[in-house]
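Structure, as structure tokens:
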Amino acid sequence: MILSKLLEGIDAIGESVFSNSEVNVESICYNSRQCTPGSLFVAVTGLKSDGHDYINDATQRGAKVIVCEKEIPPLQEGAVIRVKDGRRALGLLARNFYADPSQSLVAIGVVGTNGKTTITYILESIFQTAGFECGILGTVNYRYPGLIMAAPNTTPESLDMQRILREMVDHGVTHVVSEVSSHAIDLRRIDDCDFDLGIFTNLTQDHLDYHKTMENYYQAKKRFFSEVLPAGKKQRRYAMAVNADDPWGRRLIRETRDVSRPLTFGIEEPADIRATMFDLSLDGIKAEISVGSVCFEIESSLIGKFNLYNILAAVAAAIALRIPIEAVREGVRRMISVPGRLEKVSGSNQPKVFVDYAHTDDALRRVLQSLLPFKQGRIITVFGCGGDRDRGKRPLMGKVATNYSDFTILTSDNPRSEDPLTIIQDIEMGINSQSVLRGAAEDLSHGALGKGYVIIPDRREAIETAIRSANSSDIVLIAGKGHEDYQIIGAKRLYFDDRVIAKEILQRESIST
């Protein structure tokens, strides 16, 4: 693309004018290792590194245009363009380079702490049932018909997002559903996408290592609805679908009334889309949904009340986009499971073993509350907390796990640079030592402790202990990692999949018995 066209909308500082505005830019990069001859390199000031430190590397690899915030010496060949905010410039440049692909898509952003991934899967099924081609950007992966790619972030960096959206458009995708993380909103990765609709699921404690306070965390989420959505150029009937049962959702409704009338969903509070009757079992969900004067039934193989909220969120979005109700019903029915979201990995005559991504106290509470009504024997929970992340939620998760489980095994998640035992000690701070006793692994098999917990830092050993100690009437919940197929220990990323390991152990136990 010609440089002058690429720079439309970019506010350069001072005299940072290029010598040749007709130079052709072959590609854009923010990682110097990806620069090639004819590239434009954007120096982004990141959380852990500064792109300005890699400008020399970018030019040596062939970058001819440098966009940066700091003053640097003129290039012998090429142009230096100074901007106030390199990250913001990156998004604008990417939108220009890839010809604003979101304009050719129906784009839905899913915002909130819990439920985002499941909602994207349900919406994908609904859109496919309605005859649309759907793309997904989310925690599990980025995908569209014919391509699945790994997801390094829940929401891609702005350049990557524009590139993927362009690929989706070129491959015939009509609807895209994106999980939108609070980091992505705060770092303006999604500012240059025009969304047709935003969904707010809920807000509970998470990511306070980054946001510091719940108020900051909320304000980051709110910004998607108060700034990003209104800035879009599309015409829409509803800009928001909001959980009316969530207190932060009700606050969001009050504080964004000037943006758009929200479409609300819920179970307890009055809402535009509401589950009036429902039945929950280990076989799934049956519910009657009311939309104004219209009522219809839905069936889903998903488990638990929290998944009923996820279904309601997807239904609300589909209704707002005028998807026929029959396609909504059938789309919900067809969506069988979500990787690592209360995913059952055991067979008949085995302990009921589930793997779930729950890594906040609220998510863990919701999962355990969903399993409690089906308890016949014990509930055994295996979980840990990530290192170098929000330490404040560790004791909260310890409290929830031991309150709702008969027995809890504290183990490692992704310890990263922290000592796993230090993380576990933080978790223990939330456990009531008067009512929940600490014991040894053999106590789990013998049932000697009653309600208790043990510490097994090795995650594989922890999972094996839980399954080997469980009877066929017991429920085992392995929480925290869900779909992830790795474990980060120190600086190493090692293969580790809770689901694969649990199935191996279950099979081995079945053979031995």
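One is the number of the first residue; the rest follow in order along the sequence. Not measured: the values here are computed from a predicted model.
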Query raised in the report: With a distance cut-off below 6.0 Å to the six-membered ring centre and an angular limit of 45° from the axis, does R143 pair with Y121 as a cation-pi contact?
Result: yes
Report task. Would you tell me whether R341 and T117 have side-chain atoms, one donor and one acceptor, within less than 3.5 Å of each other? Result -> yes
Query raised in the report: What residues, two or more places apart in sequence or in another chain, satisfy side-chain hydrogen bond (donor to acceptor under 3.5 Å, both in side chains) together with R460?
Result: none
**Report entry** Contact list for residues 198-214, test salt bridge (Lys or Arg N to Asp or Glu O under 4.0 Å), sequence neighbours left out
**Finding:** D206-K393
Query - Electrostatic pair D498:R459 at N-O distance under 4.0 angstrom - result: yes
Report summary line: Contacts of Y142 meeting ring pair (Phe, Tyr, Trp, His ring centres under 6.0 Å) (sequence neighbours excluded), chain-then-number -> none
**Report entry** Between D485 and Y495: side-chain donor-acceptor atoms closer than 3.5 Å
**Finding:** no
Report summary line: Sorted by chain and number, sequence neighbours left out, ring pair (Phe, Tyr, Trp, His ring centres under 6.0 Å) with H211 holds for H183, Y217
Report task. Tell me yes or no: between the side chains of E124 and Y144, is some donor less than 3.5 Å from an acceptor? Result -> no
**Report entry** Modelled atom types, side-chain donor and acceptor of K116 and N310, under 3.5 Å
**Finding:** no
Query raised in the report: Which residues satisfy the side-chain hydrogen bond (donor to acceptor under 3.5 Å, both in side chains) test with D57, sequence neighbours excluded?
Result: S32, R61
Report task. Decide whether T154 and S181 meet the rule of one side-chain donor and one side-chain acceptor closer than 3.5 Å. Result -> no
Query raised in the report: In terms of side-chain heavy atoms, does D186 have a donor or acceptor partner in Y210 at a distance below 3.5 Å?
Result: yes
Query raised in the report: Side-chain donor-acceptor pair under 3.5 Å between S412 and Q487, yes or no?
Result: no
Report task. Establish, from distance only, whether the side-chain atoms of Y404 and Q369 form a donor-acceptor pair under 3.5 Å. Result -> yes
Report task. Would you kindly check if the NZ (Lys) or CZ (Arg) of R166 is within the cone defined by 45 degrees around the ring axis of Y98 and under 6.0 Å from the six-membered ring centre? Result -> no
**Report entry** Short side-chain donor-acceptor distance under 3.5 Å, S226 and T256
**Finding:** no
Query raised in the report: Do R499 and H483 have side-chain atoms, one donor and one acceptor, less than 3.5 Å apart?
Result: no
Query raised in the report: For the residue pair Y357 and H359, is the inter-centroid distance of their aromatic rings smaller than 6.0 Å?
Result: yes
Report task. Return yes if some donor-acceptor pair links the side-chain N/O of E343 with the main-chain N/O of G340 below 3.5 Å, else return no. Result -> yes
Query - Main-chain N/O of R95 paired with D192 side-chain donor or acceptor, under 3.5 Å - result: no
Report summary line: salt bridge (Lys or Arg N to Asp or Glu O under 4.0 Å) pairs touching residues 145-154, sequence neighbours excluded, are none
